[in-house]
Amino acid sequence: GNAIAADAGGGRAQSRQFAYDGVLGPEATQGDLFDTAGAALIEDVMAGFNGCLLAYGQTGSGKTHSLLAPAADSEKPDSAGVVPRALRELFRRISES
């Protein structure tokens, strides 16, 4: 993975290091997010492991939209969030097994 060091702020001299697997820019689509974070989770769930996807960030940064945006509509065909995509993929795989 990758890591970034951040100053704790507030005049404190302590810095912290955070690990992450990747970064998606503002041009990323809901599909890009699912391909990056959700698809591997479905693989693990289908292999019998528990799965969890956590969205963390500042208020108003788009966590709910990224996770729960409703299934695609006619105006935005690729707008479905990670959860609807994951459920669709999970049930597709179950029906094929």
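Nothing fancy with the numbering, it's 1 onward along the sequence.
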R93 with E89: basic N within carboxylate O range, under 4.0 Å: yes

Any side-chain to backbone donor/acceptor pair from K63 onto L54? Under 3.5 Å, distance only. no

Return the minimal non-hydrogen interatomic distance between I42 and A86, and the atom names on each side. CD1-O, 3.6 Å

Check: L33 main-chain N/O paired with T36 side-chain donor or acceptor under 3.5 Å: no

CD of Q30 to CG of L24, rounded to nearest 0.5 Å, is 10.5 Å

Mind listing the closest non-hydrogen atom pair of S79 and A69 along with its distance? O-CB, 3.3 Å

Checking E96 now: which residues fulfil side chain to side chain donor-acceptor pair (under 3.5 Å) with it, not counting sequence neighbours? R92

List the steps and the verdict of side-chain contact (heavy atoms from CB on, under 4.5 Å) for M46 and L90. CA-CA 8 Å; M46 292 301 294; L90 186 62; 3.5 Å; yes

Separation between CG (L53) and CZ (F34), nearest 0.5 Å, reads 10.0 Å

same_hphob_cluster(L41, I94) at 4.5 Å side-chain heavy-atom cutoff: yes

Taking only residues two or more places apart in sequence, or in another chain, which ones meet D32 in a side chain to side chain donor-acceptor pair (under 3.5 Å)? T29

Do F91 and V45 share a hydrophobic cluster, counting only Ile, Leu, Val, Met, Phe, Trp and Tyr and linking them when any side-chain heavy atoms are less than 4.5 Å apart? yes

